[in-house]
Engineer: 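First the structure, which I've put down as structure tokens, then a few questions once you've had a look.
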Amino acid sequence: MEQPLSISQPTEATAQLRCISCGATPASATQDFRCANCGDLVEFVFPGRTFDPLTLKSVWLTRKASCHKLDQSGVWRFRELLPHIPEEHAITLREGNTPLYDLPRCARIAGLDTLQAKHQGMNPTASFKDTGMTVAASSAHQGGFRWVACASTGNTSASMAAYAARGNMHNLVLIPEGKISWGKLSQSLDYGALTCQLRTDFDGCVRILNELVRRKPVYLLNSVNPYRIEGQKTAAIELLEQLKWDPPDHIIVPGGNLGNSSAIGKALLEMRELKLISRLPRLSIIQAQGANPFYRSVREFGGTKLEPMTADTQATAIRIGNPASWKKALRVLRATGGEVEQVTELEIAEAKAEIGADGIGCEPASAVTLAGLKKLLRRGFVKQSETAVLILTGHLLKDPDFTIKFHRGDLFPRTPDAFQTAQIGPLQRAPVVLDADLAAVIAALDAAESRNS
Ligand code: F0G
């Protein structure tokens, strides 16, 4: 059997858990991944880790030609920067390896010379969650857990259910009843999860789950689990490799529970420390206006506190009012000199259709990135000649209901105001119902042609 390619320095000895607030370094994690001293989150640190950056980059590239399952994964290919998990426990669906696309129309619309998108929706379960789940599910397997569990707005649960099935573990999904897309729900059902729809929102599901893991030997797979964050770092590492290690000026991410922004920021800081890159991109975080506790924390309270809220947005993936990782996200926002922004429901829908019109597509939560970028440009935080990468977190087909309602004109109130009509009208493409008649189809074609010319 082919051996995975390794380099001489082991990472096993160097990964250490550390509390983000009091700095305690526990030998092992608690059930809820919170510090036993102060209750804050823990993270992995790698004291004393050094690599020759050129060797590391070349080993990672060489692995692309290998047939070994770890080398074929766009997460485990970068395993020197992850906590060590023995290969027999690694559960992989060959996640990562996601494309970096140009978005020429979106660039024009936004007023940028160039714009790119890293499409994390091109992962095995069609969202960025797979990059973290492969690592965290593997750690559950290593720990010998029979059950894993998560609270979710739909993507984490879809991903967890797939990886648990691959690793022969039972899995429990807690999702809010309603306000979850059918695409995501259908995934966790098909992958065999015990799926409980609780009569509450995402934050209510998290509260129940936190109690549950203290009572039952169930392994928690939400993004408070630091293995998730480590895996999600690889999206940024892979991005920089795709850019030949020349950092963009800006990276824009959606903010929900704030695990992903924390992970991408952590990767950027680690890559600079290891001299894989020589300067930091600014990492900016965009929230929906109806689910904006982090935006408000930064803008209104200078990051000194976060006031939980009851969240509401049609971008259901980020319908979150009490984000667990806000302190981690704040730290990377500050360290990279990024910004926060909020966007309206109309701006999200418009941006989603614009990304779709570039032939890429994404789910509503991902589209906040383009909507936010436009605002950052208008404010002068992003300049026309600067380079920017949007992190698209989920696939268009995750939430077809939103897309169909948008194009049919059912997403917003039936009597739109003039602003709404001007803003999204030209982007709407409702299906045309015709008789099965050649002349009718030709007439539709001619009408479309005259509209376009
Ligand atoms: N985009 C998508 C498509 C998501 O599913 C999520 C989060 C986010 C963005 C926000 O990422 O939470 O790391 O800030 N979805 C979680 C879930 C909460 O349960 O699937 P975050």
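Start at 1 and go down the list; that is how both ligands and their atoms are numbered. Since we're looking at a predicted model, the values are computed, not measured. Positions are given from 1, in the same order as the sequence printed here.
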Engineer: One residue to check: Ala365. Relative to ligand 1, which of side chain, backbone, both or neither has a non-hydrogen atom less than 4.0 Å away?
Structural biologist: side chain
Engineer: Is the backbone of Gly338 close enough, under 3.5 Å, to the side chain of Arg282 for a donor and an acceptor to pair up by distance?
Structural biologist: no
Engineer: Within the 4.0 Å heavy-atom shell around Ile320, which atoms of ligand 1 are there?
Structural biologist: 18 (C)
Engineer: Of all the heavy-atom pairs spanning Leu221 and Ala136, show the shortest one and how long it is.
Structural biologist: CD2-CB, 3.3 Å
Engineer: Where is the nearest protein heavy atom to atom 6 (C) of ligand 1: which residue, which atom, and how far?
Structural biologist: Phe128 CE2, 3.7 Å
Engineer: Which atoms of ligand 1 are found less than 4.0 Å from any heavy atom of Thr156?
Structural biologist: 16 (C), 17 (C), 19 (O), 20 (O)
Engineer: Check Ser262 against Lys328 and note the closest heavy-atom contact, atom names and distance.
Structural biologist: OG-CB, 3.3 Å
Engineer: Can you sort out which atoms of ligand 1 are near Gly259, meaning under 4.0 Å from one of its heavy atoms?
Structural biologist: 13 (O), 14 (O), 21 (P)
Engineer: By number and element, which atoms of ligand 1 are closer than 4.0 Å to a non-hydrogen atom of Leu258?
Structural biologist: 12 (O), 13 (O), 14 (O), 21 (P)
Engineer: Could you check whether any side-chain N or O of Asn257 sits under 3.5 Å from a backbone N or O of Ser223, counting only pairs where one atom can act as donor and the other as acceptor?
Structural biologist: no
Engineer: Please identify which atoms of ligand 1 are closer than 4.0 Å to at least one heavy atom of Ile318.
Structural biologist: 8 (C), 9 (C), 10 (C)
Engineer: Taking both backbone and side-chain atoms of Gly255, is any N or O found less than 3.5 Å from an N or O belonging to ligand 1?
Structural biologist: no
Engineer: Using the rule given for salt bridge (Lys or Arg N to Asp or Glu O under 4.0 Å), can you reason through Glu43 versus Arg18, listing the C-alpha separation, both sets of side-chain angles and the distance that settles it, and then say yes or no?
Structural biologist: CA-CA 5 Å; Glu43 64 177 350; Arg18 188 178 69 190; 3.3 Å; yes
Engineer: Between the main-chain N or O of Gln428 and the side-chain N or O of His407, is there a donor-acceptor pair closer than 3.5 Å?
Structural biologist: no
Engineer: Tell me which protein heavy atom sits closest to atom 9 (C) of ligand 1, plus the residue, atom name and distance to 0.1 Å.
Structural biologist: Thr393 OG1, 3.6 Å
Engineer: With a 4.0 Å cut-off on heavy atoms, is Asn222 in contact with ligand 1?
Structural biologist: no
Engineer: Between Phe44 and Tyr227, how do the two ring planes meet: parallel, tilted or perpendicular, split at 30° and 60°?
Structural biologist: perpendicular
Engineer: With distance as the sole criterion, is a donor-acceptor pair present between the side chains of Glu386 and His250 under 3.5 Å?
Structural biologist: yes
Engineer: Show which atoms of ligand 1 fall inside a sub-4.0 Å distance from at least one heavy-atom site of Asn155.
Structural biologist: 2 (C), 3 (C), 4 (C), 5 (O), 20 (O)
Engineer: Numbering the atoms of ligand 1 from 1, which are under 4.0 Å from a heavy atom of Ser152?
Structural biologist: 17 (C), 19 (O), 20 (O)
Engineer: List every atom of ligand 1 that sits less than 4.0 Å from any heavy atom of Gly256, numbering the atoms from 1 in the order shown and giving each element.
Structural biologist: 10 (C), 12 (O), 14 (O), 21 (P)
Engineer: So which heavy atom in the protein is nearest atom 13 (O) of ligand 1, and how far is it from that ligand atom?
Structural biologist: Asn260 N, 2.8 Å
Engineer: Which protein non-hydrogen atom lies closest to atom 12 (O) of ligand 1, naming both residue and atom, and how far is it?
Structural biologist: Asn257 N, 2.7 Å
Engineer: Whether the side chain of Asp32 engages the backbone of Arg214 through a donor-acceptor N/O pair (distance < 3.5 Å, no angle test) should be reported.
Structural biologist: no
Engineer: Below 3.5 angstrom, do we get any N/O pair linking Glu363 and ligand 1?
Structural biologist: no
Engineer: Checking the side chain of Asn171 only, and the main-chain atoms of Ala149 only, is there a donor and an acceptor separated by less than 3.5 Å?
Structural biologist: no
Engineer: For atom 16 (C) of ligand 1, tell me which residue out of Arg319, Gln287, Arg228, Lys129 has the closest non-hydrogen atom.
Structural biologist: Lys129
Engineer: Before we go on, tell me: are the rings of Tyr219 and Trp147 under 6.0 Å apart, centre to centre?
Structural biologist: no
